[in-house]
Amino acid sequence: DNLSIHQLAAHGDIAQVKMHITCDNSLLNSQDERGFTPLMWAAAFGEIEMAQFLLEKGADPKTFARERECALSLASAGGFTDIVNIILKHEVDVNSYDWNGGTPLLYAVRGNHTKCVEALLRHGADITFEADSGYSPIALAVALGYRKMQKLLEDHILNL
Amino acid sequence: SQLSLYTSPSLPNITLGLPAS
């Protein structure tokens with residue numbers, strides 16, 4: 001039971017996380033060796049209640065890891081729509097771009113997560129933002145053969 | 001119960017395996 005707060009967050013162990021931050025509140029936004037916070041671990045592993053709990057305790061969803069990864073991108077890449085929506089209730093940059101060459105929208109398209117894409121577009125995600133390889137979200141959907149995703153993105157552009 | 005350790009989160013390379021656009 002000497003797991004780090006990051007591992008506990010990933011495992012959704014709210015009781016243990018609560019105990020840790022009660023003893024040392026700075027752990028709430030502590031970054032591991034790659035810059036990932038407990039919220040990022042919870043977002044990456046789809047732990048909805050944990051993400052909600054951490055944010056209620058004051059976890060900062062705007063924190064970037066070493067390569068500018070953020071909780072929103074991790075949740076979008078994993079297709080965890082509930083967590084995407086929870087994070088979007090906070091003031092975050094929906095178009096944050098990281099050194100891995102992507103935005104939350106591009107990660108959601110890559111993973112073919114249509115519900116995440118809808119949530120991001122509703123919050124103003126920039127559909128023209130290209131990955132550093134030059135792929136726009138639509139070009140990515142076409143290249144990956146994601147027909148439903150392609151139509152969703154095309155319909156969004158038509159409605160702009 | 002012994003919890004298994006998760007590996008550190010990572011983001012996928014978005015255009016891995018796709019032709020240069």
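Scope of the values below: all heavy atoms of this structure, side chains included, with no hydrogens, waters or symmetry mates. Order of the sequence lines sets the chain letters (A, B, ...), proteins ahead of strands, with each chain counted from 1.
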So [Y] and [X], do their side chains get closer than 4.5 Å, heavy atoms only?
| X | Y | value |
| --- | --- | --- |
| B/I14 | A/S133 | no |
| B/L11 | A/R110 | no |
| A/L106 | B/T15 | no |

Rounded to the nearest 0.5 Å, how far does CH2 of A/W41 lie from OH of B/Y6? 10.0 Å
Atom pair CG (B/L5) and OG (A/S4), whose distance is rounded to the nearest 0.5 Å: 7.5 Å
Going only through I, L, V, M, F, W and Y residues with side-chain contacts under 4.5 Å, is there a path from [X] to [Y]?
| X | Y | value |
| --- | --- | --- |
| A/L39 | A/M19 | no |
| A/Y97 | A/V109 | no |
| A/I157 | A/F129 | no |

Heavy-atom distance under 4.5 Å to chain B: side chain of A/Y107, backbone, both or neither? both
A/D98, part contacting chain B, at a heavy-atom distance under 4.5 Å: side chain
Only heavy atoms, only distances under 4.5 angstrom. Which residues in residues 46-63 of chain A are near chain B? none
Anything in residues 64-72 of chain A with a heavy-atom distance to chain B below 4.5 Å? Please list those residues in order. A/E69
Name each donor-acceptor pair under 3.5 Å that joins a side chain in residues 77-94 of chain A to protein atoms two or more places apart or in another chain, with its distance.
{"unit_1": "A/N85", "atom_1": "ND2", "unit_2": "A/T81", "atom_2": "O", "d": "3.3"}
{"unit_1": "A/H90", "atom_1": "ND1", "unit_2": "A/I86", "atom_2": "O", "d": "3.1"}
{"unit_1": "A/D93", "atom_1": "OD1", "unit_2": "A/N95", "atom_2": "N", "d": "2.8"}

Looking only at atom types and distance, does a side-chain atom of A/R34 sit under 3.5 Å from a main-chain N or O of B/S10, one as donor and one as acceptor? no
Report yes or no: does A/H11 contribute a side-chain atom to a donor-acceptor pair with the main-chain N or O of B/S4 at less than 3.5 Å? yes
Minimum heavy-atom separation for A/Y135 and B/L18, please, with both atom names. OH-CB, 3.6 Å
Compare every heavy atom of A/F36 with every heavy atom of B/S8, then report the nearest pair and how far apart it is. OG-CD1, 4.4 Å
What residues, two or more places apart in sequence or in another chain, satisfy side-chain contact (heavy atoms from CB on, under 4.5 Å) together with A/H156? A/L121, A/I127, A/L160
